*Asks:* 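Provided herewith is a single structure, encoded as structure tokens, for subsequent inquiry.
These figures come from a predicted structure and were not determined experimentally. This chain uses plain numbering: 1 for the first residue, then up along the sequence.
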Amino acid sequence: DDCGGEIVMSDLSVANIYLRGNSKITIRASRFSKVFVTLLDNATLNIEQEDYSQCYVYQYGEHTECKTKGNIKIRKKVEHN
């Protein structure tokens, strides 16, 4: 559930990434890469977009954190009881 690290995306790479628990990840996307990230639980994401890459973040819940640099598309969904 708890992990950390850095993911580097470049060229024509594509990825679906799911972060949950207390994970802390940095993602760097460049060139023509495309990345889709789903944030759950207490996950923390640092994401950087460069060049023509495309980044999409789907943020669920009130306890996730997302720090961005570049043109990042963020969708937030907070559940109401």
*Asks:* For Gln49 and Asn71, which heavy atoms make the closest approach, and how far apart are they?
*Replies:* OE1-N, 2.9 Å
*Asks:* Between Asp51 and Arg31 (side chain of the first, backbone of the second, donor and acceptor by atom type, cut-off under 3.5 Å), is there such a pair?
*Replies:*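 It does hold such a pair.
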*Asks:* To the nearest 0.5 Å, how far apart are CG in Asn46 and OG1 in Thr68?
*Replies:*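 Between Asn46 CG and Thr68 OG1, I get 9.5 Å after rounding to 0.5 Å.
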*Asks:* Under a single-linkage definition using a 4.5 Å side-chain heavy-atom cutoff for Ile, Leu, Val, Met, Phe, Trp and Tyr, are Ile7 and Tyr56 assigned to the same hydrophobic cluster?
*Replies:*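 As far as the 4.5 Å side-chain criterion goes, Tyr56 and Ile7 are not connected within one cluster.
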*Asks:* Shortest non-hydrogen contact from Cys55 to Ala29?
*Replies:* SG-CB, 3.7 Å
*Asks:* Which heavy-atom pair separates Ile25 from Gly4 by the least distance, and what is that distance?
*Replies:*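 Ile25 and Gly4 have their closest heavy atoms at CD1-C, 3.8 Å.
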*Asks:* Using every non-hydrogen atom in the two residues, find where Gly61 and Thr64 come nearest and quote the distance to one decimal.
*Replies:* O-OG1, 3.9 Å
*Asks:* To the nearest 0.5 angstrom, please state how far the CG atom of Asn22 sits from the NE2 atom of His63.
*Replies:* 11.5 Å
*Asks:* Any salt bridge linking Arg20 with Asp41? Criterion: basic side-chain nitrogen under 4.0 Å from a carboxylate oxygen.
*Replies:* yes
*Asks:* Roughly how far, to the nearest 0.5 Å, is the CZ atom of Arg28 from the OG atom of Ser53?
*Replies:* 12.5 Å
*Asks:* Can you give me the closest heavy-atom contact between Val57 and Ile47, atom names plus distance?
*Replies:*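 Looks like CG2-CD1, 4.3 Å.
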*Asks:* Once you round to the nearest 0.5 Å, how far does CD1 of Ile27 lie from OG of Ser33?
*Replies:* 10.0 Å
*Asks:* Do you reckon Phe32 sits in the same ILVMFWY cluster as Phe36, going by side-chain contacts under 4.5 Å, direct or chained?
*Replies:* no
*Asks:* Taking all non-hydrogen atoms of both residues, which atom of Lys34 and which atom of Met9 are closest, and how far apart?
*Replies:*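 Taking Lys34 first and Met9 second, the nearest heavy atoms are O-CE, 3.8 Å.
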*Asks:* Got a sec, which residues hit salt bridge (Lys or Arg N to Asp or Glu O under 4.0 Å) with Lys76, two or more places apart in sequence or on another chain?
*Replies:* none
*Asks:* Please enumerate all residues that pass ring-ring contact (aromatic ring centres under 6.0 Å, His included) together with Tyr58, with sequence neighbours excluded.
*Replies:* none
*Asks:* side-chain contact (heavy atoms from CB on, under 4.5 Å) with Leu39: which of Ile74, Thr44, Leu19?
*Replies:* Leu19
*Asks:* Nearest 0.5 angstrom please: Glu50 CD to Lys69 NZ, how far?
*Replies:*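 Separation between the atoms: 6.5 Å.
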